[in-house]
There are 2 protein chains.
Amino acid sequence: MTTSVRQARPAQPTLEMVAEVAGVSRATVSRVVNGSTKVSPEIVAAVTKAIGELNYVPNRAARSLASRQTEAVALVVPEDMTRFFGDPYFAAVVQGITRRLDQSDYTLNLLVASSDPRHKTLRYLRTGNVDGALIISHHTGDDFVAELETTMPVVFGGRPSNADDLDAYFVDVDNAAGAETGTQRLLDIGRRRIGSIAGAGDMPAGIDRLTGFARTLERAGLPTDAVELADFTAAGGAAATRRLLERYPDLDGLFVASDLMATGAVDVLREFGRSVPGDVAIVGFDDSPAATSGPVALTTVSQPSEEMGYAMADVLLRRLAGDESMPHRTLMPTRLVLRDSA
Amino acid sequence: MTTSVRQARPAQPTLEMVAEVAGVSRATVSRVVNGSTKVSPEIVAAVTKAIGELNYVPNRAARSLASRQTEAVALVVPEDMTRFFGDPYFAAVVQGITRRLDQSDYTLNLLVASSDPRHKTLRYLRTGNVDGALIISHHTGDDFVAELETTMPVVFGGRPSNADDLDAYFVDVDNAAGAETGTQRLLDIGRRRIGSIAGAGDMPAGIDRLTGFARTLERAGLPTDAVELADFTAAGGAAATRRLLERYPDLDGLFVASDLMATGAVDVLREFGRSVPGDVAIVGFDDSPAATSGPVALTTVSQPSEEMGYAMADVLLRRLAGDESMPHRTLMPTRLVLRDSA
DNA sequence: TTGTAGGCGTTATCAT
DNA sequence: ATGATAACGCCTACAA
């Protein structure tokens with residue numbers, strides 16, 4: 001009958017014990033553990049051996065207390081997790097983040113930006129619980145994070161929307177360029193009455209993709225009025241498609257700012273008796289699993305989601321390591337993936 | 001020119017400083033911070049005031065070092081995050097978990113069970129980095145966690161598949177009962193050639209739902225052979241539906257073990273010229289956003305995903321607080337939500 | 001009820 | 001290059 005499992009944790013070996021086994025001082029063991037160069041090879045060997053024998057693992061709390069660093073970074077995600085994670089794009093980003101972090105000793109603290117961000121979340125971050133922060137998918141108005149950069153290194157996923165965040169670090173794709181490529185594809189296959197379902201206007205990615213779309217059509221001397229906004233969900237994309245179809249029944253091409261929204265568009269189009277890509281060709285954005293989960297495989301502008309997450313973590317880790325030479329913006333390439341819809 | 005942001009963290013007030021301001025000893029401050037009853041009201045007031053003035057927040061590392069507890073719990077999710085989070089059900093569960101945790105001082109560490117679980121993940125967990133663990137969506141074969149319960153409190157989301165995990169703590173819904181309700185609905189509206197798309201056979205939820213389905217049909221004296229397995233994704237559901245349709249062209253009812261798979265089923269059905277619910281009525285499971293994101297709103301067996309996450313965290317927290325009176329299994333209710341598909 | 005003092009496991013500053 | 005020896009901020013007997 002163990003009364004309380006909690007206290008029963010078997011005593012872990014300590015630096016001290018390793019030192020004794022290796023016949024050196026704690027300080028020396030600490031040095032080899034932390035990879036100091038100023039230790040003679042023989043001693044390194046002896047210590048390493050002792051560590052192996054005892055199966056020693058540094059105590060995080062003690063290390064953190066003494067070094068004043070936590071070896072933890074926060075992942076701040078928006079409050080509405082269902083919608084956030086509902087988009088495979090984000091899931092992939094997070095996976096990339098963890099992949100990079102797994103190569104380090106850093107831990108990932110999941111922080112859901114509560115509706116009361118000024119208090120709990122911010123306080124937690126400021127209070128020294130983490131060494132740095134990764135912030136994903138923040139909309140305009142999430143300015144509460146602006147000041148954070150003064151406290152600790154922060155890296156954004158996607159260009160921050162705040163105009164004053166000029167010196168924010170972020171990794172993103174060139175959304176405008178990607179949108180141009182996607183829209184151009186529609187032109188290339190002969191479509192001339194092209195519309196777009198754009199992402200919410202409060203997110204830079206949405207704005208930039210719309211810009212690229214419009215720019216391409218203008219260049220071709222075509223009108224850019226067939227645009228509807230949606231919220232990056234399948235349902236939103238479906239609704240926007242209905243509105244668009246009502247206004248422009250002669251639509252023959254559609255550039256959609258996300259694959260998830262595009263799946264909604266496909267549903268509605270077929271519902272209205274339009275074939276894809278026969279009547280209406282569609283180009284999506286993301287190349288997420290959603291692109292191939294629907295009835296018609298989507299031609300889409302692929303962005304390296306997982307790699308973006310990896311890059312985010314990588315930039316943060318480098319900054320934490322003292323490397324301030326990182327460029328503020330890391331732009332990843334997009335590429336057009338041809339499937340059935342366009 | 002700040003050379004290094006990292007070290008610049010402003011010195012937080014310490015217990016010692018609070019003690020001085022309040023005119024008491026550190027020990028006393030510690031007592032009121034930790035809510036000891038044996039402190040006189042006046043002193044509590046004085047200390048509380050000092051804490052407020054200094055804006056004192058306990059240092060996690062120090063507390064953890066002294067108390068041998070981390071105030072952190074791990075959230076272990078399966079390696080394939082894209083598929084994991086791609087299912088809105090899980091996103092909701094995680095949201096529920098964070099909601100409960102937000103009411104406590106516990107932090108959530110996101111752990112992706114790597115393909116090498118025996119090493120990194122397990123080592124991390126065992127090495128005292130967290131006080132407890134929440135484990136979600138583990139398949140058969142994830143037995144690496146079985147031994148974990150001997151080290152620290154663990155709570156599973158969904159019944160663990162391991163037969164020997166008799167005394168594991170978990171929160172789940174009564175999947176079999178839910179499936180019965182859903183299948184019964186199909187009978188009630190007059191369907192007689194009913195099939196099912198079941199979840200992967202290596203997950204208890206999938207197995208139990210299939211059991212409920214079969215039981216109901218047997219009770220009605222109907223055959224239970226029209227079953228195809230899928231992997232809980234939309235694409236998987238679509239493929240399974242194709243196979244099913246091929247074998248049983250006369251299908252008029254379909255019980256699908258998840259809404260996500262059901263959306264795939266709807267797509268295929270319409271593609272084959274079958275109307276929903278006209279030709280084939282469909283009942284899903286989960287009542288996730290996927291249920292209403294497609295072309296036809298799904299009648300579905302609703303499970304309280306968010307509440308389940310909340311309950312998981314709640315059980316864990318109670319156990320961490322020393323309350324071992326919690327029941328091992330927490331079963332949440334399902335209910336049938338009537339929409340358009342059946 | 002309150003205070004004293006030792007210890008938690010590291011890191012970091014000095015000497016040596 | 002290595003070793004004492006302080007911190008680091010808090011908890012917790014034990015004493016008063």
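What's counted below: heavy atoms across the whole structure, side chains too, no hydrogens, waters or symmetry copies. Numbers restart at 1 for each chain; the letters A, B, ... are given by sequence-line order, proteins then strands.
The OH atom of B:Tyr56 sits 7 Å away from the C1' atom of D:dC10 (whole-angstrom rounding). Separating the CZ atom of B:Arg26 from the P atom of D:dT12 is a distance of 14 Å, rounded to the nearest angstrom. Here C:dT16 presents its P atom at 19 Å from NZ of A:Lys38, a figure rounded to the nearest Å. Note: CG (B:Asn59) to C1' (D:dA7) measures 13 Å, nearest angstrom. Atom CZ of B:Arg63 is separated from atom P of C:dT10 by 21 Å (rounded to the nearest Å). Nucleotide C:dT10 holds its C1' atom 15 Å from the CE atom of A:Met17, rounded to whole Å. As rounded to whole Å, 21 Å separates atom P of C:dG9 from atom CD of A:Gln69.
Side-chain N or O atoms of A:Ser67 include one that pairs as donor or acceptor with a backbone N or O of A:Arg63 at under 3.5 Å. Under the 3.5 Å distance criterion, the side-chain polar atoms of B:Asp323 are left unmatched by any main-chain donor or acceptor of B:Arg318.
Contact annotation for B:Leu15: backbone-only contact, meaning every heavy-atom pair under 4.0 Å involves sugar-phosphate atoms and none involves a base. Using a 4.0 Å heavy-atom distance criterion, B:Thr14 is classed as a sugar-phosphate-only contact. Using a 4.0 Å heavy-atom criterion, one finds that B:Val33 contacts no nucleic acid atom at all.
In this model, the phosphate group of D:dT12 is not approached by any side-chain N or O of B:Ser30 to a distance below 4.0 Å at OP1 or OP2. A close approach under 4.0 Å does occur between a side-chain nitrogen or oxygen of A:Ser40 and OP1 or OP2 of D:dT2. Distances shown here put a side-chain N or O of A:Ser25 below 4.0 Å from the OP1 or OP2 atom of D:dG3. In this structure, A:Thr28 reaches the D:dG3 phosphate: one of its side-chain N or O atoms is under 4.0 Å from OP1 or OP2.
Of the N and O atoms on the side chains of A:Thr107 and A:Arg60, at least one donor lies less than 3.5 Å from an acceptor on the other residue.
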| field | side chain to side chain contact (heavy atoms under 4.5 Å, CB included) between B:Val21 and B:Leu54, intermediate numbers included | value | CA-CA 9 Å; B:Val21 170; B:Leu54 296 179; 3.9 Å; yes
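In this structure, the nucleotide among C:dT2, D:dT5, C:dT11 sitting nearest to the side chain of B:Ile43 is C:dT2. Side-chain atoms of B:Ala62 lie closest to D:dC10 of the nucleotides D:dT5, C:dT11, D:dC10.
Along DNA chain C, the nucleotide closest to B:Glu42 and the one closest to B:Leu65 are compared, and the more 5′ of them pairs with B:Glu42. If you find the closest nucleotide of DNA chain C to A:Glu16 and to B:Val39, the one lying nearer the 5' end belongs to B:Val39.
Note on A:Asp172 versus A:Arg159: no salt bridge recorded, every NZ/NE/NH1/NH2 to OD/OE distance being 4.0 Å or above.
Within 3.5 Å, no donor on the side chain of A:Arg68 pairs with an acceptor on the base of D:dG9, nor the reverse. The base of D:dG3 sits with one of its N or O atoms less than 3.5 Å from a complementary donor or acceptor on the side chain of A:Arg31.
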